[in-house]
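Let me begin by presenting the structure, written as structure tokens, before commenting on it.
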Amino acid sequence: MTIREIITIPDPRLKQVSTPVETVDDDLRALMDDMVETMYAAPGIGLAAIQVGVAKRVIVMDLALEGDTPEPLYLVNPVIVPTSEEHAFYQEGCLSIPEVYEEVERSAECRISYLDYNGDEQVLDCTGLLATCAQHEMDHLEGILFIDHLSRLKRSMAIKKVAKLKRAAENA
Ligand code: GNR
Ligand code: NI
């Protein structure tokens, strides 16, 4: 397993629409293993393949608390449907948009159908932070970032903040 580099804005790859996976094979499992290791190292609670530069419809998530037994979820070709009319606000962050945290409104509950690590069909009902995270990750597969849900002003402030951080890192 390898920790891969997480790409950050304004890398144009983050705007790509990811393509469906044809078969869940050992090559794909190697990618998913790397993604989980990369997510834990970051640390983060979710990661989409495009964040490591691979435009495939693959997501990993783990909402287990630090210190508890890890509970990684591997989602291939996920399809999401809202299962509640209710919406919820959560303060979101993204490993591809470092140090930006803003409230985003999403469906409070959703159901995801997907293929798991072994290529078997699964259905997962999500509430709370898991529902938020799942919708955030699904957006990545469509080339959408959480800042795209913000006002133009907040979005441009976020983009400038990341650019400034990168300049500071380069000059350090
Ligand atoms: O680690 C992450 N935390 C998080 C918090 C609130 C809503 C969404 C997320 S996902 C994020 C990791 C990430 O960038 N996934 O794409
Ligand atoms: Ni993200």
Side-chain angles (χ1 to χ4, degrees), residues 1-19 21 28 31-68 70-80 82-84 86-112 114 124-151 154-155 157-159 161-163 165-166 169:
M1 289 211 276
T2 316
I3 295 173
R4 301 203 190 187
E5 188 191 338
I6 297 177
I7 62 177
T8 54
I9 59 166
D11 192 311
R13 287 174 289 179
L14 290 166
K15 297 205 166 164
Q16 261 179 262
V17 177
S18 293
T19 50
V21 169
L28 193 78
L31 168 67
M32 294 195 284
D33 291 344
D34 286 357
M35 285 172 63
V36 164
E37 196 180 2
T38 303
M39 173 179 73
Y40 289 153
I45 58 171
L47 193 72
I50 195 61
Q51 293 181 276
V52 293
V54 178
K56 289 186 179 166
R57 301 185 81 82
V58 177
I59 289 167
V60 295
M61 295 190 284
D62 192 335
L63 272 73
L65 295 173
E66 221 183 299
D68 285 357
E71 289 170 26
L73 288 167
Y74 304 85
L75 288 74
V76 178
N77 296 344
V79 175
I80 196 166
T83 48
S84 159
E86 277 175 54
H87 288 241
F89 282 93
Y90 262 98
Q91 187 169 68
E92 298 196 15
C94 181
L95 295 171
S96 297
I97 313 172
E99 294 186 42
V100 174
Y101 305 93
E102 294 286 349
E103 297 260 313
V104 178
E105 184 179 15
R106 300 191 188 267
S107 293
E109 301 181 0
C110 60
R111 174 173 292 165
I112 316 180
Y114 61 98
L124 180 67
D125 283 308
C126 305
T127 61
L129 183 57
L130 181 59
T132 288
C133 186
Q135 291 169 79
H136 173 118
E137 303 310 337
M138 287 300 303
D139 270 356
H140 275 301
L141 304 189
E142 300 302 324
I144 296 166
L145 300 170
F146 86 89
I147 56 171
D148 296 329
H149 295 288
L150 306 177
S151 68
K154 281 194 174 173
R155 181 163 58 251
M157 279 166 50
I159 293 166
K161 183 175 180 180
V162 174
L165 277 168
K166 284 194 179 185

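Start at 1 and go down the list; that is how both ligands and their atoms are numbered. All values derive from a computational prediction rather than experimental measurement. Numbers here simply count residues along the sequence, with the first being 1.
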Enumerate the protein N/O/S atoms at a distance below 2.8 Å from the Ni ion (ligand 2), ignoring waters.
-> C94 SG, H136 NE2, H140 NE2
Among V76, L47, N77, L141, whose side-chain contact (heavy atoms from CB on, under 4.5 Å) with I59 holds?
-> L141
Will you find, in the side chains of Y40 and D62, an N or O donor that is under 3.5 Å from an N or O acceptor?
-> yes
Please walk me through it: do L129 and Y90 pass side chain to side chain contact (heavy atoms under 4.5 Å, CB included)?
-> CA-CA 8 Å; L129 183 57; Y90 262 98; 4.0 Å; yes
So, the side chain of R111 versus the backbone of D125: is there a donor-acceptor pair under 3.5 Å, distance only?
-> no
Without placing hydrogens or testing angles, list every side-chain donor-acceptor pair under 3.5 Å for residues 96-105, not counting sequence neighbours.
{"unit_1": "S96", "atom_1": "OG", "unit_2": "I7", "atom_2": "O", "d": "2.8"}
{"unit_1": "S96", "atom_1": "OG", "unit_2": "Q51", "atom_2": "NE2", "d": "3.0"}

Decide yes or no on side chain to side chain contact (heavy atoms under 4.5 Å, CB included) for S107 and Q135, but give the supporting numbers first.
-> CA-CA 8 Å; S107 293; Q135 291 169 79; 3.5 Å; yes
Under-4.0 Å salt bridge between E142 and K15 | no
Please name all residues satisfying side chain to side chain donor-acceptor pair (under 3.5 Å) with E37, sequence neighbours left out, ordered by chain then number.
-> none
Tell me, do L73 and V60 make a side-chain contact under 4.5 Å, heavy atoms counted?
-> no
Shell of residues surrounding ligand 1, defined by a 4.0 angstrom heavy-atom cut-off that is strict = G44, I45, G46, Q51, Q91, E92, G93, C94, L95, T132, H136, E137, H140
